[in-house]
Amino acid sequence: IVAETMANKSNYLTEKTSKPLFEKKIFVMFGAQGILGRLRELGYKTFDGIIDESYDLIDNPNERWNMAFNEVLKLADADHSEVYERAKSVLEHNHRWIIDNHYPRLLKSKNFLDRHINNL
């Protein structure tokens, strides 16, 4: 379960989403409408075909989150090794994508902060 900070009207992504992308984890998003679409726009793949991601299209937050939670329940009852086998290529893609496209920028920020902190 990924519960984004701005869950109603923003497709702003935080570390809450980055963590499972980096760690090769399957997730169901509890965020703003269209947040999975936003991930795909950024080059990530999602789990459509494994998870019914049509919840991402629902405008009403309560309805969207109820549908998303039903997907969590389905995943909980599924054969986890089978689900991960089906998701393996998506998980690998997302892991590689976040490293190749976002990690260098984060490393520059970290190095900048480290230099300034060391001067304190």
Results of side-chain contact (heavy atoms from CB on, under 4.5 Å) for Asp77 - residues two or more places apart only: none
Which pair of non-hydrogen atoms, one from Ser18 and one from Ile98, has the smallest distance, and what is that distance? O-CD1, 3.7 Å
Under 4.5 Å between side-chain heavy atoms, hopping through other hydrophobics if needed: is there a path connecting Ile1 to Ile51? yes
Could you work out, with side-chain hydrogen bond (donor to acceptor under 3.5 Å, both in side chains) as the rule, every residue matching Lys74, not counting sequence neighbours? Glu71
Just so I know, are the side chains of Val90 and Ile50 near enough to count as touching, which here means a heavy-atom distance under 4.5 Å? no
Please examine the side chains of Lys45 and Asn94, heavy atoms only from C-beta on, and report whether any two atoms are closer than 4.5 Å. yes
Rounded to the nearest 0.5 Å, the CZ atom of Arg96 sits from the CG atom of Asn101 at a distance of 10.0 Å
Quick one: pull up CG in Leu91 and CD in Glu23 and give me the separation to the nearest 0.5 Å. 11.5 Å
Any chance you could measure Glu53, atom CD, to Leu36, atom CG, to the nearest 0.5 Å? 5.0 Å
Are any side-chain N or O atoms of Arg64 and backbone N or O atoms of Asp59, one a donor and one an acceptor, separated by less than 3.5 Å? yes
Under 4.5 Å between any side-chain heavy atoms of Leu21 and Phe27, yes or no? yes
Applying side-chain contact (heavy atoms from CB on, under 4.5 Å), name anything that partners Leu42, two or more places apart in sequence or on another chain. Leu13, Arg38, Tyr44
Are the side chain of Glu4 and the backbone of Thr14 linked by a donor-acceptor contact shorter than 3.5 Å? yes
Evaluate the side chain to side chain donor-acceptor pair (under 3.5 Å) criterion for residues Asp52 and Ser54: first the C-alpha distance (whole Å), next the side-chain angles of each, then the deciding distance (0.1 Å), finally the verdict. CA-CA 6 Å; Asp52 177 359; Ser54 62; 2.7 Å; yes
Can you see which heavy atom on Ala68 is nearest to which on Val28, and at what distance? O-CG1, 3.5 Å
If you compare all heavy atoms of Val2 against all heavy atoms of Pro20, which two are closest, and at what distance to 0.1 Å? CG2-CG, 3.7 Å
Distance-only, no hydrogens or angles: does the His80 side chain make a donor-acceptor pair with backbone N or O of Leu75 under 3.5 Å? yes
Pairwise side-chain contact, Asn70 with Tyr55, heavy-atom cut-off 4.5 Å (strictly under): no
Let me check something: do Leu57 and Met67 share a hydrophobic cluster, defined by ILVMFWY side-chain heavy atoms less than 4.5 Å apart, either directly or through other members? no
Sub-3.5 Å donor-acceptor pair from the side chain of Asp56 to the main-chain atoms of Gly34, do we have one? yes
Enter the distance from Leu39:CG to Phe47:CZ here, rounded to the nearest 0.5 Å. 9.5 Å
Any side-chain heavy atom of Arg40 within less than 4.5 Å of one from Thr46? yes
